[in-house]
Asker: 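First the structure, then my questions, so here it is.
In what follows, every heavy atom counts, from backbone to side chain, and hydrogens, waters and symmetry copies are set aside. If you're wondering where the values come from, they're calculated on a predicted model, not measured in any experiment.
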Amino acid sequence: MKKEAFSQQSCAPIFILYLAMLFLLSACHTDEVIEEHAFLMGTMVSVTVAESEKDSQVRLAIKASMQEIQRVEALFSTHLDNSVQAFNQSHVGVWQDLDPEVSVLLAQAVRIMAQSQQAFHPMLGQLKQLWAFQSESKQVPPEASIQILVQAIKKATLEQKGTQWRRSHAALRLDFGAIAKGYAIDRAIKVLRQQGIGNAIVNAGGDIRLIGQRFGRAWRIGIKHPRQANQILGWMALKGDVSLVTSGDYERFFIVGDKRYHHILDARTGYPATKSQSVTVIAKNATLADAWSTALFVLGSNSQGLVTAPTDLDYLIVDRQGKKSMSLGMQKLFHSQ
Ligand code: AMP
Ligand code: MG
C-alpha cells in the first residue's frame with residue numbers, strides 16, 4: 001500500500017518531464033527549411049537546407065556555400081579580370097597560364113567536347129559575342145561573318161602543357177557558360193557537407209544538386225515547360241545525391257519571322273542548335289549534368305528517341321516539335337503534369 005502511494009506520487013513528475021521533453025523536441029524540429037537567395041553567375045541562386053539544427057549554424061553554412069559560388073564565378077567569368085580573360089586576350093600561339101582550377105575544368109570540358117562530337121564546345125566565346133544575345137541588338141549576324149568564324153574554329157587547335165594552354169587562332173575564346181554553373185553547384189554542395197549539412201538543395205536558375213531529403217520525404221522538383229511560361233512539363237520526387245540540369249531555348253532568345261534564335265550554339269554550323277526545345281540531364285554531379293544537357297541539346301535525339309551519350313546519364317529531351325523522349329532511368333522518375 002505504501003509502495004503504491006509512493007509510485008503514484010513519483011509518476012506524475014516523470015510524466016510531466018516526458019511531456020516537456022516531447023514539447024522541446026518538437027520545438028527544435030519545426031520541419032521548416034531555411035532558404036537564402038542571391039543573384040550570382042547571372043541567375044538567381046537559392047540554397048535550401050532541411051536540418052533540425054540551430055538556425056544560426058545553418059545560416060553560416062548557407063553563407064559559406066554562397067561565397068563559394070561567388071569565388072567560382074570570379075574564376076570563370078569572361079567579364080572579370082581573371083585568367084580566362086587573360087587567355088582570351090593573349091597572343092595566338094603563346095603559352096598562357098590558367099588558374100589551376102580553371103585548367104582542370106577546361107581539360108574536362110575538352111574531353112566532353114570530343115565525346116560529344118564538338119556539340120559541346122567550350123571555346124565558342126567569339127561566336128557567342130557575334131550573336132550578342134546579351135546586348136540589345138537582336139539580329140542575326142551576317143552569314144559571311146558566321147562562316148569565317150566556323151571555318152576558323154574548325155581548323156584551330158588548343159594545346160595543354162600542365163596549367164598552360166595555347167590556341168592556334170584568335171577565334172578560339174574560352175566560354176564556360178555551359179559548365180561553370182554546374183561546377184559552382186558542386187562546389188557549393190561540397191562546402192555545405194563540410195559544414196555538416198546533409199539535407200539541402202542548391203538551385204542556380206533551375207539547375208540543381210540535391211542531397212539527403214526534406215525531413216523524411218523526397219524533394220519534389222518541377223521541370224519547366226519549354227513553351228508555356230510558368231508551367232511545368234512534369235515533376236520528380238528525388239532524394240540521396242542527385243544532380244539535374246536543364247538547357248532550354250527559352251532562356252535567352254529572339255524571334256525573327258517564324259525562327260527562334262537562342263543562346264545554345266552549334267559551333268559546327270555557327271547557328272543556334274535546332275533539334276531541341278529543352279533537355280534535362282541527371283548525372284552523378286552537376287558539372288557533368290550541365291555540360292551534357294548542353295551537348296544533348298545540340299545533338300538531339302534520333303528517330304527512336306535515343307541519343308549518343310555516356311550510359312551513366314539519364315535524359316529527358318523535348319525535340320523541336322515538342323515530342324518527349326526519355327532514357328529508361330528518367331521514365332521511372334518523371335511524372336507528367
Ligand atoms: P546552358 O544553358 O548550360 O546550355 O549553357 C548555355 C551557355 O553556354 C551559353 O550562354 C554560352 O555561354 C555557352 N554555350 C552556348 N552553346 C554552347 C555549346 N554548344 N557548347 C558549350 N557552351 C555553349
Ligand atoms: Mg549546360
Side-chain angles (χ1 to χ4, degrees), residues 34-49 51 53 56-90 96-112 120 122-123 125 128 134 160 162-165 173-212 241-245 247 251 283-294:
I34 299 179
E35 188 166 274
E36 291 197 10
H37 308 268
F39 193 79
L40 295 168
M41 304 195 84
T43 194
M44 191 49 80
V45 174
S46 64
V47 177
T48 310
V49 171
E51 299 281 350
E53 278 165 46
S56 56
Q57 273 169 273
V58 171
R59 292 213 184 265
L60 277 177
I62 294 178
K63 195 163 175 244
S65 68
M66 289 286 196
Q67 277 167 350
E68 180 64 4
I69 296 175
Q70 228 169 344
R71 189 188 68 82
V72 171
E73 180 175 20
L75 280 182
F76 289 92
S77 167
T78 49
H79 313 297
L80 301 172
D81 183 13
N82 56 21
S83 71
V84 172
Q85 198 177 63
F87 180 89
N88 286 344
Q89 291 168 354
S90 69
Q96 188 73 23
D97 214 13
L98 285 179
D99 178 280
E101 218 172 317
V102 173
S103 181
V104 168
L105 193 66
L106 179 57
Q108 187 178 3
V110 168
R111 282 196 298 276
I112 296 171
F120 175 83
M123 289 162 290
K128 178 179 160 180
Q134 264 106 338
Q160 180 186 11
T163 58
Q164 295 197 315
W165 294 76
R173 283 200 207 158
L174 296 175
D175 182 274
F176 289 93
I179 191 169
K181 225 196 289 171
Y183 178 71
I185 292 170
D186 285 337
R187 293 291 320 174
I189 287 287
K190 187 160 193 205
V191 167
L192 288 173
R193 280 182 164 148
Q194 280 165 353
Q195 306 267 334
I197 304 290
N199 301 284
I201 295 191
V202 177
N203 179 340
D207 298 346
I208 65 155
R209 181 162 176 176
L210 60 88
I211 52 170
D241 182 357
V242 185
S243 297
L244 179 141
V245 174
S247 287
E251 286 181 42
K284 70 167 188 259
N285 60 50
T287 306
L288 282 170
D290 193 2
W292 278 100
S293 69
T294 308

Asker: With a 4.5 Å limit on heavy-atom distance, are the side chains of Ile69 and Val202 in contact?
Answerer: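 A side-chain contact under 4.5 Å exists here.
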Asker: Is a side-chain donor or acceptor of Ser77 paired with a backbone partner of Ala74 at a separation under 3.5 angstrom?
Answerer: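 Answer holds: no.
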Asker: Has the side chain of Glu51 got a donor or acceptor atom that lies under 3.5 Å from a matching backbone atom of Gly198?
Answerer: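 Yes.
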Asker: Rounded to the nearest 0.5 Å, how far does NZ of Lys128 lie from CZ of Arg173?
Answerer: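 Taking CZ in Arg173 and NZ in Lys128, the distance rounds to 12.0 Å.
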Asker: Quick one: which residue pairs count as a ring pair (Phe, Tyr, Trp, His ring centres under 6.0 Å) with a foot in residues 59-78, not counting sequence neighbours?
Answerer: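 Matches after skipping sequence neighbours: Phe76-Phe176, Phe76-Tyr183.
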Asker: At what distance, to the nearest 0.5 angstrom, does CD of Gln108 lie from CG of Leu288?
Answerer: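 The distance works out to 5.5 Å.
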Asker: To the nearest 0.5 Å, how far apart are CD in Glu73 and CD in Glu68?
Answerer: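 Atom-to-atom, Glu73:CD and Glu68:CD are 12.5 Å apart.
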Asker: To the nearest 0.5 Å, tell me how far Leu210 CG sits from Ile185 CD1.
Answerer: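 It is 11.0 Å, given to the nearest 0.5 Å.
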Asker: Mind checking the CG-OG1 spacing from Asn199 to Thr48? Nearest 0.5 Å is all I need.
Answerer: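 Interatomic distance, Asn199 CG to Thr48 OG1, rounded to 0.5 Å: 12.0 Å.
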Asker: How about Arg209 and Ile201: do any of their side-chain heavy atoms sit closer than 4.5 Å?
Answerer: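 Not in contact.
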Asker: Which heavy-atom pair separates Val102 from Leu75 by the least distance, and what is that distance?
Answerer: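 Scanning both residues, the minimum pair turns out to be CG2-O, 3.7 Å.
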Asker: Within this structure, what is the OG1-CD distance for the pair Thr163 and Glu101, rounded to the nearest 0.5 Å?
Answerer: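 CD of Glu101 is found 13.0 Å from OG1 of Thr163.
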Asker: Is there a side-chain contact between Met66 and Leu40 in this structure, where contact means two heavy atoms from C-beta onward sitting under 4.5 Å apart?
Answerer: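 Counting from C-beta outward, Met66 and Leu40 do come under 4.5 Å.
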Asker: Would you check if Asp99 and Asn82 make a side-chain contact, meaning some heavy-atom pair closer than 4.5 Å?
Answerer: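 Answer no - side chains too far apart.
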Asker: Is the backbone N or O of Thr287 less than 3.5 Å from a side-chain atom of Asp186, with the two atoms forming a donor-acceptor pair by type?
Answerer: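 Side chain of Asp186 to backbone of Thr287: a pair is present.
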Asker: Salt-bridge test for Lys181 and Asp290: reply yes if a basic N is under 4.0 Å from a carboxylate O, no otherwise.
Answerer: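 Answer for the salt bridge query: no.
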Asker: Please find the pair of heavy atoms, one from Leu192 and one from Ala61, that lie closest to each other, and give the distance.
Answerer: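 Here Leu192 and Ala61 meet closest at CD2-O, 3.7 Å.
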Asker: Going through the distances and angles, do Leu174 and Leu106 end up as a side chain to side chain contact (heavy atoms under 4.5 Å, CB included)?
Answerer: CA-CA 9 Å; Leu174 296 175; Leu106 179 57; 3.7 Å; yes
Asker: Determine whether Gln164 and Gln96 make a side-chain contact, defined as any pair of heavy atoms from C-beta on separated by less than 4.5 Å.
Answerer: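 No; the side chains remain at least 4.5 Å from each other.
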Asker: For residues Gly162 and Ser103, report the shortest heavy-atom separation together with the two atoms involved.
Answerer: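 Closest approach of Gly162 to Ser103, heavy atoms only: O-OG, 3.6 Å.
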Asker: Can you check whether Trp292 reaches Phe120 side chain to side chain, under 4.5 Å on heavy atoms?
Answerer: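 No - every pair of side-chain heavy atoms lies 4.5 Å or more apart.
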Asker: I need the minimum non-hydrogen distance between Ser243 and Ala286, along with the two atoms involved.
Answerer: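 Residues Ser243 and Ala286, closest heavy atoms: OG-N, 3.0 Å.
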Asker: Can you find a heavy atom in the side chain of Val245 that is under 4.5 Å from one in the side chain of Ile208?
Answerer: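 Counting from C-beta outward, Val245 and Ile208 never come under 4.5 Å.
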Asker: Is the closest side-chain heavy-atom distance between Gln67 and Lys63 below 4.5 Å?
Answerer: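 When only atoms from C-beta onward are counted, Lys63 and Gln67 do touch, with a gap below 4.5 Å.
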Asker: Strictly distance-based, threshold 3.5 Å: is any side-chain N or O of Ser83 a donor or acceptor partner for the main-chain N or O of Leu98?
Answerer: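 No; judged by distance alone, with no hydrogens or angles, the pair does not exist.
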Asker: Sort and list the pairs that fulfil salt bridge (Lys or Arg N to Asp or Glu O under 4.0 Å) and have at least one residue in residues 37-48, not counting sequence neighbours.
Answerer: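 Those involving residues 37-48 do not exist here.
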Asker: Asp241 and Arg193: salt bridge (charged side-chain N to carboxylate O under 4.0 Å, His left out), yes or no, with the steps?
Answerer: CA-CA 12 Å; Asp241 182 357; Arg193 280 182 164 148; 3.3 Å; yes
Asker: Could you report the tightest heavy-atom contact between Gly205 and Thr43, atom names first, then the distance?
Answerer: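 In terms of heavy atoms, the two residues are closest at CA-OG1, 3.3 Å.
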Asker: Can you list the steps and then say if Leu80 with Gln85 is a side chain to side chain contact (heavy atoms under 4.5 Å, CB included)?
Answerer: CA-CA 7 Å; Leu80 301 172; Gln85 198 177 63; 5.9 Å; no
Asker: Do you know the tightest heavy-atom contact between Trp165 and Gln160?
Answerer: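 Shortest heavy-atom contact: CZ2-CD, 3.3 Å.
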